[in-house]
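Note sheet for the following structure.
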Amino acid sequence: MNPDFLKPYDHSQEKEIYTRWEQSGYFSPQKSIGNWKLGTENFSIIMPPPNANGSLHVGHAVMVAIEDVLIRYWRMRGKKTLWLPGADHAGFETQVVFEKKLEKEGTSRFEILQKENGREELYKRIWDFTQENKAHMEHQVRQLGASCDWSKETFTLDKRIIDVVYDTFQQLYADGLVYRGKKAVNWCPKHQTTLSDLEVRYEEREDPLYYVKYGPITLATVRLETKFGDTAIAVHPTDARYKDVIGKEIEVEAIAGKTKIKVIADEHVDSAFGTGAVKVTPAHDADDFAIWLRHKDEIEGPKEIIDAWGRMSLKQYFGKNAEVMKYDGLKIAEARKQIAHDMQEKGLIEKVDEHYKHNVALCYKCGSVLEPRVLAQWFVDLTTSKGQEKIVQPAIDAVKSKQIKIIPEFQEKIFLHWMENIRDWNISRQIVWGIPIPAWFRETKAGAISNFQFPISNENAEIHIGKEKPQGEGWVQETDVFDTWFSSGQWPYATLLAQSGISNFQFPISNEGNRDKNLFDEFYPTSVMETAYDILFFWVARMIMLGLYRTGKVPFETVYLHGLVRDKDKQKMSKSKGNVVDPLGIVEQYGADALRMALIVGNSAGQDVTFAEEKIKGYRNFSNKLWNIARFVLAQNSISNFQFPISSEFSSILSEDKKILERAKGVKQQVGEYIENYRFSQAAEIAYHYVWHEFADKIIEEKKKILQDTNENKEQKESAKIVLYLLLVESLKILHPFMPFVTEAIYQRLPIKNKDSLIIESWE
RNA sequence: GGGCAACUAGCUCAGUUGGUUAGAGCGCUGCAUUCACAUUGCAGAGGUCACAGGUUCGAAUCCUGUGUUGCCCACCA
């Protein structure tokens, strides 16, 4: 027997085992090696690319654990498996992380941008930052035992990926499904960029609600400071209180002196709220912007009186009015306070409801109050009949028809509800870190852009889509970059195309050329998309929409959504709370096998899982248990000359032992069925239970008696030795998808002459 | 305002076509150490499966309602 077995299982050998696996080439579906023949059926997973802006957390470990179970299982079942790893540049998220770093250094992105070539410098620095993180992350994924094909690792900023993304953008533009439009969008005054609707976090706040006198009308508002941007007062068309003033201009006594303002009727005004009258500030409120769009002919458009930094900017409209100009440059909150005070003194405020509760829109990253602004941005059309027909509906149909199966099923309802109420998707970001939007602008109205600033509205410029500067004079390049989800939303087909080396592709992708290298043709649609449920809309929905739009096929057949990992107090793990667990520390202490088991047992689809160190300890003990089972079984002499493959048709096995063997096969089949049905927790649990409490506690104990009893007959002893050995091999197979290291470590010490590696052993 | 999920042993959670004594990890109690393993073994305590109705021969599981918690979505100023 191998002398290693005399000591407890030492998980520090995981690293060497991984290196051997990686070097063996078995992670790749590219070619058969030795006795190992690639299967004909495919099984593929595109790994959700972790953000290259920090370390992996235990959530990633859940992802790796589950996906590796699937991949290892199907590989042992003889399928040709592709698990493609990647890393995400994670645009805005990464820039936010990097800006925090800059803050610590006492500088900021804006300071760097002011320098000559500042943009390039900043980009370069973030690039280096992500490359460092990426390398660390890859190391972590390896430590967790992921049997993914590193030769096909893809970064979201790889040139070929960008090509695919550009091609899609061009296609969308050509189809009229992407447009540049001036709309009320979410603006983060700290980060100086717009955000999509999904990146807005709402929080209930208590603020004063001011009842303000606008001449004969009193109306309620929280945002007193926006009054300088008012262009109308709106009431419900059937509101009897205001029927005489609808359509008229009323005279208003205000801080600015006497002014006139128009009263309009709009169905969206709720007569029951406040006084039933609402001020209309198109530049600083999304609803008001919508009202203006409906009344364009009657009232003035957006009057921007708050700047990008969230300060009052009144010069343009009130430059000569000292009463008003004293607020100029104040932050919103301060301005509101002063204006309230001044108006109260002048008797312009009827009353104040000090404890009015309402939802405030915040930046999901920094918590700054988002300022609605009217800006020209790039949008994917998801609301017109064209956008609905070409992008939205196919995605809905694919899920409804079960062409894409979502696990757990209840997430389907959530998905469909979101899809059915989807809004246009703002894909422009005013940041440096990301894929530049390939567009050029040129002013069409002479002198319209004397004070040239992005963004430019459609009316003032013509647009050219493409990487290269078009012919002619006056073209200026777009500076916005894509929302990171616009590129990751294309991940399944983009990675497969990029790794296939297909350039100038056209959909549908042809089978021409080297079919072996055409991963797209081979593996698209992929089998499973496994990710956390919190990015169902951000990512999964976008992949389904863009995948169907671009390729005409679903990007994956099954979506498996795992829950979030919470700490033992059920708190969501986050850096700011300081409760983040580094998987590396756990792996070093207890081994990757133990961590993986702990994250899989008790983890059902879509349900959050709590992280408890005791649990990991328990499975570390199990690793050792298995090790000792092997130690005992291999210590029985005469087990030294098995040939591969191992057959159970030994004539010397007694019928009672054949039954035991059948039972093990039954467990194995059950484990397989559970895996195939995405019930990993049960699969792992019955495997665990069988090995420890049946094989070790019962069978070994019984056979031990037989083997140690000098009176028992020889056939019974021989049979016992063989069956114990076969059960050990079965146990290794059953557990391998869950605990790849310890099972491989034992397998490598089995007395099989022509053995290779457990990862390519046949499951059967 | 709408929706989703959860409520099972002291704690954290499994339990998917309704079917015999409801499971796991940790914790707890007692016993065992020249025995493959103390990172162990054996034995055990501990559950009216949130509550109330209903369907059924039979319900943790299906239906209706209630309560509690968490989450998601939503242009009430």
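Here is how names work: the chains are called A, B, and so on, in the same order as the sequence lines, proteins then strands, and each is numbered from 1.
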Examine B:U40: is either OP1 or OP2 under 4.0 Å from a nitrogen or oxygen in the side chain of A:Asn621? Give yes or no.
yes
A:Tyr690 and A:Phe695 aromatic ring geometry - parallel, tilted or perpendicular at 30°/60° bounds:
parallel
Give me the distance, rounded to whole Å, that separates B:A74 from B:U55 when you measure between the C1' atoms they each carry.
37 Å
Considering just the side-chain nitrogens and oxygens of A:Tyr688, establish if one lies under 4.0 Å of OP1 or OP2 belonging to B:A24.
no
Scan A:Leu536 against the nucleic acid and name what it touches under 4.0 Å (heavy atoms): base, sugar-phosphate only, or nothing.
nothing
Taking the P atom in each of B:G19 and B:A59, what is the distance between them to the nearest angstrom?
11 Å
B:G25 phosphate, OP1 or OP2, under 4.0 Å from A:His693 side-chain N/O:
yes
How far, in whole Å, is B:G15 from B:A5 if one measures between their P atoms?
14 Å
Nearest-nucleotide comparison on RNA chain B, the residue closer to the 5′ end among A:Ala286 and A:Lys625
A:Lys625
Whether A:Lys615 contacts B:A24 is assessed here as follows: a side-chain N or O lying under 4.0 Å from the phosphate OP1 or OP2. Is that the case?
no
Please say which of A:Lys279, A:Arg336, A:Lys337 ends up in a salt bridge (Lys or Arg N to Asp or Glu O under 4.0 Å) with A:Glu225.
A:Arg336
Parallel, tilted or perpendicular: ring planes of A:Trp418 versus A:Phe537, cut at 30 and 60 degrees
parallel
Can you check whether A:Thr221 has a side-chain N or O nearer than 4.0 Å to OP1 or OP2 of B:A77?
no
Tell whether A:Lys413 reaches the base of B:C4 with its side chain through a donor-acceptor pair below 3.5 angstrom.
no
Taking the inter-plane angle between the rings of A:Phe273 and A:Tyr356 on a 0 to 90° scale, is it parallel (under 30°), tilted (30 to 60°) or perpendicular (over 60°)?
perpendicular
Give one of base, sugar-phosphate or nothing for A:Val280, where a contact means two heavy atoms less than 4.0 Å apart.
nothing
Could you work out the separation of B:G10 and B:G18 based on their P atoms and round it to a whole Å?
29 Å
Mind checking the C1' distance from B:U17 to B:G2? Whole angstroms is fine.
31 Å
Phosphate OP1/OP2 of B:C37 contacted by A:Arg631 side-chain N/O (<4.0 Å):
yes
Report yes or no: is there a donor-acceptor pair, N or O only, under 3.5 Å between the side chain of A:Glu701 and the base of B:A36?
yes
Let me confirm one number: the CG-CD distance from A:Asn677 to A:Gln682, rounded to the nearest 0.5 Å.
9.5 Å
How long is the gap from NE2 on A:His562 to CG on A:Asp534, to the nearest 0.5 Å?
7.5 Å
Separation between the P atoms of B:A9 and B:A24, rounded to whole Å:
14 Å
Given the rule that a pair is Watson-Crick or G-U wobble with both distances under 3.5 Å, how would you write RNA chain B in dot-bracket, using | for pairs to a different strand?
((((((((.[[[[.)...(...]]]].(((((.......))))).....[[[[[..)....]]]]])))))))....
From A:His284 atom NE2 to A:Glu304 atom CD, the distance as rounded to the nearest 0.5 Å:
5.5 Å
Taking B:G23 as the reference, what is the distance to B:G46 when you measure between their C1' atoms (whole Å, please)?
14 Å
